[in-house]
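Each chain gets a letter, A, B and so on, in the order its sequence line appears, and its residues count up from 1.
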Amino acid sequence: MASSDNSETLDARGPTPVEGSGLEVATGERERVAGHTFRAAVSAKNVFLWPALLVVLALSIFPLIVSLYLSVSRLEFQANGIDVRFLGFDNYASLLFGTEQDHFIGVLKPLTPVGWIIVAVVAAITARAFVSYLRGVNVRLLGLLLRAIAGLLLVGLVWLFAQTLFAQGGRPGTLFVTLVYVFVGIAVQYLLGLGLAVLATQRLRGQRFFRVVFLLPMTITPVGVAYMFRMLTDTGKGPFVPLFDLAGLQNFAWVNDPWGARIAVMIGDIWQWTPFMFIVLLAALEGQDQEITEAALVDGANRRQVFRHITLPALLPVTTTVILIRMIEAFKIIDLPNILTNGGPGTATESLTLEAFFDWRTLNLGRSAALAYMLLIVVTLIATAYVNLVRRRVTATA
Amino acid sequence: MRNGTRLGGLTWLAAVVTVATACTGLSSSGSPGSGAISVNILTFTGPQIAEPLQRRAPDFRTANPNISISVTTVPFSDLYQKILTDVSTGTNSYQAFVFDPQWMGDFVGPGYLEDLSTRVKADASLKWDDIGAFFRDFSATYQGKVYTIPLDGDFHMVYYRTDILAKDGLKPPETWDDYLAIAQKEQGQDLNGDGQGDYGSCISKKRNAQAYWFITSIAGGFIQTDGTNQGAFFNTADMKPLVQNEAFAAALDIYKKTGQFGPPNEINLDVGDTRGLFTSGRCALSMDWGDIGTLAIDPTTSKVKDKVGAVILPGSKMVLDRSTGKLVPCDATTCKNAVNGINHAPFASFGGWSGAINGKVSTAVKDAAFKFLSYMSAPEQSNVDVTIGKTGFNPYRTSQFSDTKLWVKAGMSEQAAKDYLGAIQASLQSPNMILDLRIPKTQQYQQVVLDKAVAQFLAGEIDRDTAMKQIYDGWEAITNAEGRDKQLSAYKASLGVQR
Amino acid sequence: MRTLFRRRSALDLGPVSKAISYVLLVAWAFVVLFPLYWLAITSLKQPIDVDSGPVYLPGVDFKPTLDAWKYILVDLQSDTVRPYVNTVVVGLSSALIALILGSSAAYALVRFRYSPRVGVIGLFVGCILFTIVALALSAAVPLAVVSAAAVFLILYQTVGRRFKRVLGNSDVAFWLISQRMLPPVAVVIPIYVLFQRVGLLDTRQALIITYVATNLPIVVWLMRDYFSNVPIELEESAAVDGASPYRIFRSIVLPVAVPGLVATFLFVLVFAWNEYLLALFLSSANAQTMPLTVAAQNATRGPQWWYMSVLILIMILPVIAMAVALERYISRGILVGAVKG
């Protein structure tokens, strides 16, 4: 039996039968009513789930172990194959504290007042969530401990982040550049995707055309998109050169400015992945019962109210899903910065995966794997926090 | 029922895919002619390099019916990883490679490459002695043994617009100061007649592209004075990097300063971009491999046909005193190889595409692969191929300079051919050519540490001294991790053939 | 003509909002289409036209040429067709298999309750580990230690702190999606070794298996949300009539979830169609796919924009056709109609 202590599941969500919900009762009844015996249900249960689990399992465990092992070792090529020397945590240490710190984390400088405010706000929110957990009914020692660690890591991350970005002379490393890509990218993609999905479900002519067109960017191979944007953003032979000239920017090149280059990367990312948000939300909108909406409109509600109180709540579960999926994918951003700027100017646009790729390409497999694991830790931390803080709340209200 | 038909569409799709898979699965299982020794060669996707291999394979097959050659290609940027993964895991899907001899440092040690010394000696048709001494004795050789057959000659030269320099009464640059002066003068002038200002100098500065070679090309003239085996990267006594001194500082400054007379986005241009700019007439000067010479005569890429001159890499009148790290004036003792008091050190960056044979395949296959590589390199074939732009092959044989006829036939004017070949010849015959780095983990030294520091310096993220310190520390860290003695002996082995 | 007969509904927009909607739709369509237009005209340019500054209209400010198209489609015919066929076969088969396996798993996670015991999972993982260690590497001591650590990590990710308990469906789902968190660079060499041992390198099967495994989690997560919207009353009545769970799934649940299935299919198709790094390593001569061909256009001479444009265009054509064909499945009212029966 699943526990009634939902606060302890990593991910308690709506669609799963949650105890006490109507759905759960219905499921239970169905299994009883279904008549064609308990055995049939049990076998179906296994036949439905296991093939998928086994395929994923077969291809994920081995790489997970091998790269963990590589991350604590050094690789050497010898006459009889590959020699792997155990190193301990050197690879991690050099990233966090050693020679690679300014590359991976960034150049840390004392905080400006803005930085302090940001850190304080995040710390306050985290503390509040923690306190509200303490006041709750089901407080367990292990849960408490893990929450405390997660909270401290989160605040620590923000504190480091602020030291690279909101500090005089600080410079963000690949970790924080990646976080900027992820958060800005997803926010813009979601808002654009939602807006387009709503527009594309209105009763207008030519919708089939728009829907297919809006899908297009996603269908291009990421390598191709990256080259295309390199062409488009070229300040010598790209199509926007006359516009730049008109604006008096003949001698301005976005590539020379760290933020200019990062914004270019984000624009490419947004262009390519807005369709993902768009199509999921479109399918969800199309799945909704139009009659409720129509009835509400007839009853005198305006469109904004309908959107707020009917459409949006119905979209919330799928919203949290697409955001989680996109977040996991966006952390792995590599092709755009690699091809658009090769990580330049300097290291300004380099993402974490790109840093791992550079090491990997020059056969520093140990450090590359260590970077991959750092990424895994950060994503797990953020995804777990997201699932626990946002997704559960959303599915609880829905 | 409506839903039934909707799903029907998907079912049809499934059926079609299954059938397609089955059919194509059957058709792709065809095998090459029976009884033939098949040699699978890996290189990068052309047309450059792969094109001549593929084009000449059928002719070779006619002459050698028992050998079947197939060429597999992968994207250029992933060739190194692909080869190493294949050989180090024992997969050995490829019997021969056409690759960068710089990688020998990683490949020879573990025995991935076949020693070709005896085969080369025994093969008269290869005309080994015709190959430029530098490529024969340094580029193809590692620890005194021959491992590769050169198919291409690679080194940097400086290209200039003959018409522009003549118009302004300027001479081609001999030193980097001359280079900067010309670039400054031409910056902003209209060079291609479209009424818009163009650029004095175009040198690729993109990160993770070719910048780490260009910085060495500039630094070379300051650092290496005593001939190829002196080396330009490390001190051959103790493997200390030659990057934290006045010479390297001067080179960094020059490299950055050329950016002031170049396109505003030069920091994001790779060598493909700068070539495009130069051949479309928008740059007065550029530093590049031999490719511009042949690209400039191709009407689909060029507006500067017969307006391009080439010279040996500019040098310096001040050179590094390795004991003090200071620059000292060039004189008879400090620069033995100086020409007119200027120390030139042409840089054989990359080293030129070369063929090598997998050490882990059967002798019969090795012999067959050698036969093909030797066929490709023999003058009958290569003297034609080097004049064709799209082969990507640049001259590396003495016989390829002696006769300008081939080049004129390929579309160059007599004067341009003389210019181009003269610059190549001057570079090739220089006893002070710089051998590119070829020790274990070369890629980490150059592509990661050196490239990153140079990029950060050019972008203004770090200053000159920090950049030099970063390179020095980074290189020392790799050397210490790999073992100083091992790296030092590998470095000396790569340099130490001619005495 | 249809609009003439459509009844006027409260859902129809007023003229002003209609106009605004059109402006916005057209604006975004322009944002999407302009880069593609640029690709199309670049494919008609000579190198010199690309390098000497921007030109926009073929026939007006530059002379269009089909050289690049001819080079890719005629001169390199076999080198284009082979990866093209591979891409189609690998993309479609892997997307279909992932859709079938993934949607059944998603349905299972929505409708059945799983309560795997932590102990059983631990044992299972231990077994797999043992097999891998024994098979793949002549087990070194540190490896064993690290493997144990990895097991712990897996357990930690999914199990959290519930050692004494059983897991829920949501934990299974989270474990699935967490398998996408490692970046490809970290997994590509191990997967290469895996397929090398089985002798499947450079085959389409290897690519299909890999793409199915990497795309399954996405299918499961997306389809879970769609299935949870399917009204349970339908299934219940079918079950009362004596339909087996498989039949219910096939003939009631799947048809109702068609919009979600189509959207998800398009995603996994696109992911498999466009994947680069794994394809690069798992293939050498026979199984290479199109993304490799596109990336390969950046060689020693710099990016060959004109060839690259041709390749990208011919690569997206089938996907566009597919999208056009499938778009109508994502259309209004299927779900509502079904519920009404």
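Contacts of C:Phe271 with chain A are made by side-chain atoms alone, with heavy-atom separations under 4.5 Å and no backbone atom involved. Of the atoms belonging to C:Thr42, it is side-chain heavy atoms, and not backbone ones, that fall under 4.5 Å from chain A. Looking at C:Trp28, both its backbone and its side chain come within 4.5 Å of chain A, counting heavy atoms on both sides. With a 4.5 Å cut-off on non-hydrogen atoms, C:Ile189 touches chain A through its side chain but not through its backbone. Contacts between C:Val219 and chain A at a heavy-atom distance below 4.5 Å are absent for every atom of the residue. The contact between A:Lys332 and chain C is made entirely by side chain atoms (from C-beta outward), counting heavy-atom distances below 4.5 Å. Contact annotation for C:Ser309: only side-chain heavy atoms (C-beta onward) come within less than 4.5 Å of a heavy atom of chain A. With a 4.5 angstrom heavy-atom cutoff, C:Pro35 touches chain A via backbone and side-chain atoms both. Only the side chain of C:Leu277 comes within less than 4.5 Å of a heavy atom of chain A; its backbone N, CA, C and O stay farther away. Within the 4.5 angstrom heavy-atom criterion, only side-chain atoms of C:Leu39, from C-beta onward, approach chain A. For chain C, the nearby parts of A:Leu59 are the backbone and the side chain; heavy atoms of each come within less than 4.5 Å. Heavy atoms closer than 4.5 Å to chain C are found in both the backbone and the side chain of A:Phe357. Looking at C:Ile177, both its backbone and its side chain come within 4.5 Å of chain A, counting heavy atoms on both sides. For A:Phe229, no part lies near chain C; criterion is any non-hydrogen pair under 4.5 Å. Using a 4.5 Å cut-off between heavy atoms, A:Val198 does not touch chain C at all. Interface remark: C:Val270 contributes side-chain atoms only to the contact with chain A (heavy atom separation under 4.5 Å). For A:Thr274, the part lying near chain C is the side chain, with the backbone staying farther off; criterion is any non-hydrogen pair under 4.5 Å. Both the backbone and the side chain of C:Leu25 come within less than 4.5 Å of a heavy atom in chain A. Proximity to chain A involves both the backbone and the side chain of C:Asp51, based on heavy atoms less than 4.5 angstrom apart.
Looking only at heavy-atom pairs under 4.5 Å with chain A, the residue among C:Val31, C:Val212, C:Ile209 that has the most is C:Val31. Comparing A:Ile339, A:Leu70, A:Val47 by how many heavy-atom pairs each has under 4.5 Å with chain C, the most go to A:Val47.
Applying the side chain to side chain contact (heavy atoms under 4.5 Å, CB included) test to C:Ala105 and every residue at least two apart in sequence or in another chain returns A:Leu49, A:Ala52, C:Val220. Residues that satisfy the ring pair (Phe, Tyr, Trp, His ring centres under 6.0 Å) test with A:Phe358, not counting sequence neighbours, are absent from this structure.
Test A:Thr319, A:Thr320, A:Thr321 against C:Asp225 for side-chain hydrogen bond (donor to acceptor under 3.5 Å, both in side chains) and you get one pass: A:Thr321.
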